[in-house]
Amino acid sequence: MNAKTAAGAAATAESPTLLVKVFGKDRPGITTGLFTTLAAYGVDVVDFEQVVTRGRIVLCALVTAPPKDGELRAEVHQWAESQKLQAEVISGIGDNRPRGEGRSHVTVLGHPLSAAAIAALSARITDAGGNIDRVFRLAKYPVTAVELAVSGVPTETLRAALALEAASQRVDVAVVASGLQRKAKRLVVMDVDSTLIQDEVIELFAAHAGCEAEVAEVTAAAMRGELDFAESLRARVALLAGLDAGVVDKVRSEVRLTPGARTLIRTLKRLGYQVGIVSGGFTQVTDDLVERLGLDFAAANTLEVEDGRFTGRVVGDIVDRAGKATMLRRFAAEAGVPLEQTVAIGDGANDLDMLNTAGLGVAFNAKPVVREAAHTAVNVPFLDTVLYLLGISREEVEDGDGAVDLPEGPGAP
């Protein structure tokens, strides 16, 4: 800020100002009409905001006060009456109250989003010493998503204050620090099984081997963190010994993408993000996903094949809980993206190290142990809702697609 600008700001801070507020039925030309009325008195604009909700407009303009503001007040009321609007003009000094320290973005997802949930969450914000400065709706479907700009309380304190209330109200709440870092996350890495896709790949293979129930039981225990992942994987893979490797094509055709997966990836790629997957599953399936979805990075285990059949072993080191975090670091280094600018998404206990290594870790329809440890949790079945946590609205997604695209829009596979 140069000396002239600083002097102007100081003068405004000490000078009389007027808050001009008009509200009523919206229609084209209201903003032009108000500012044309104000312009006749030579005032400067300090701030203004406009909100339209269900066809009703609230327009607020904070302007410098002219030496004699009586005529301006009368003119504003006369103009508003001619437009069938209501108006208020309130005297004051200077600009808005500065936002407090500790600024955060709070994203709330509900399906539906109840008034009771907003009341409870806003009360917790107040109790923690915070203030809600602005509110913006990000999406109305497939979930209702709103973003609150909150100041006056450290991000970590606010996150802790809202976590229990969000669970009680059955809504999802993400709290991230404001600033450029939020807009600079340029690498997203996802788990595959029960995250990018709806299935557990090893169970699809097991169904063809006739041991699906046994494998599913071990998988569930491993995802809850009750079993060592590497040990459980070896035990499950051993049950596939002798299975014809030609079954891979059938398994690939059985894989079901999570609703919203294509929308998420397509939108991220349009924004210049790099997208990767890291899986405790198998390259026999992830290689196909990389090709189908245009992914930038991938890491997974590989089922060993001899004489056209699975041996019941995996090749090389197992991609386990620690391995996933290692892969995130490797992908970030190759992409030239600092770890604080990465996002990780997963559902199981073996994703925890990766979620905690990333700048933002998102537990997606996750097990309790994961929800409690991740930065934030999403508990609706639409993977593209992660976009809202990055401040990307549904309207922006659809604008990027050129139109509302139902086959690949919200909640579509």
Side-chain angles (χ1 to χ4, degrees), residues 189-259 261-262 265 275-324 326-327 331 345-351 354 364-365 367 383 413:
V189 177
M190 290 176 276
D191 172 46
V192 175
D193 293 9
S194 297
T195 300
L196 177 63
I197 67 174
Q198 301 177 60
D199 313 283
E200 292 288 334
V201 168
I202 194 166
E203 293 177 15
L204 297 180
F205 279 111
H208 292 282
C211 56
E212 183 179 9
E214 187 175 353
V215 165
E217 183 178 348
V218 178
T219 298
M223 293 302 99
R224 291 192 300 267
E226 298 170 2
L227 296 175
D228 174 75
F229 179 81
E231 181 181 349
S232 71
L233 181 67
R234 291 190 182 95
R236 287 174 289 168
V237 169
L239 297 171
L240 304 181
L243 180 64
D244 189 332
V247 78
V248 166
D249 288 338
K250 293 181 181 179
V251 169
R252 286 178 172 179
S253 69
E254 293 166 352
V255 166
R256 301 166 299 162
L257 292 175
T258 296
R262 287 188 184 276
I265 295 169
V275 184
I277 54 175
V278 58
S279 176
F282 310 110
T283 57
Q284 280 87 351
V285 170
T286 58
D287 287 351
D288 182 60
L289 291 172
V290 169
E291 184 176 349
R292 287 168 57 191
L293 300 174
L295 302 175
D296 301 289
F297 302 100
N301 300 302
T302 299
L303 293 168
E304 185 180 63
V305 178
E306 289 183 359
D307 300 324
R309 295 187 177 276
F310 294 127
T311 65
R313 298 185 295 270
V314 293
V315 177
D317 295 333
I318 288 177
V319 178
D320 56 8
R321 176 169 168 169
K324 287 191 171 188
T326 297
M327 289 300 150
F331 295 165
I345 311 168
D347 74 298
N350 65 323
D351 296 316
M354 177 177 72
F364 180 73
N365 291 309
K367 284 66 179 175
L383 192 57

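This is a predicted model, so every value here is computed, not measured. We're numbering straight along the sequence, starting at 1.
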Rounded to the nearest 0.5 Å, what separates atom [atom1] in [X] from atom [atom2] in [Y]?
X: L293; Y: D288; atom1: CG; atom2: CG; answer: 8.5 Å
X: H208; Y: F310; atom1: NE2; atom2: CZ; answer: 10.0 Å
X: E304; Y: L240; atom1: CD; atom2: CG; answer: 12.5 Å
X: R309; Y: L243; atom1: CZ; atom2: CG; answer: 7.5 Å
X: L233; Y: T219; atom1: CG; atom2: OG1; answer: 8.5 Å
X: D351; Y: F364; atom1: CG; atom2: CZ; answer: 12.5 Å

Heavy-atom closest pair, residues [X] and [Y]:
X: Q198; Y: L257; result: NE2-O, 2.9 Å
X: D191; Y: G346; result: CB-CA, 3.8 Å
X: V215; Y: L239; result: CG2-CD1, 3.6 Å
X: T311; Y: A241; result: O-CB, 3.6 Å
X: A300; Y: G281; result: CB-O, 3.8 Å

Do the non-hydrogen side-chain atoms of [X] and [Y] ever get within less than 4.5 Å of each other?
X: S279; Y: V319; result: no
X: F205; Y: V285; result: yes
X: E212; Y: E200; result: no
X: K250; Y: L204; result: no
X: D347; Y: N365; result: no
X: L383; Y: I265; result: no
X: D320; Y: N350; result: no
X: V278; Y: M354; result: yes

message: Set out, in order, the CA-CA distance, both residues' side-chain angles and the distance that settles side-chain contact (heavy atoms from CB on, under 4.5 Å) for I318 and R234, then state yes or no.
response: CA-CA 9 Å; I318 288 177; R234 291 190 182 95; 3.6 Å; yes
field: Over 12 non-hydrogen atoms of neighbours within 6.0 angstrom of CD in E226
entry: yes
Quick check against the 3.5 Å criterion: does [X] have a side-chain atom that pairs as donor or acceptor with the backbone of [Y]?
X: T258; Y: L196; value: yes
X: D296; Y: G276; value: no
X: R236; Y: E203; value: no

Verdict with supporting geometry, V315 and T283, side-chain contact (heavy atoms from CB on, under 4.5 Å): CA-CA 11 Å; V315 177; T283 57; over 6 Å; no
query: Between F297 and F331, what is the ring plane arrangement, given parallel below 30°, perpendicular above 60°, and tilted in between?
result: parallel
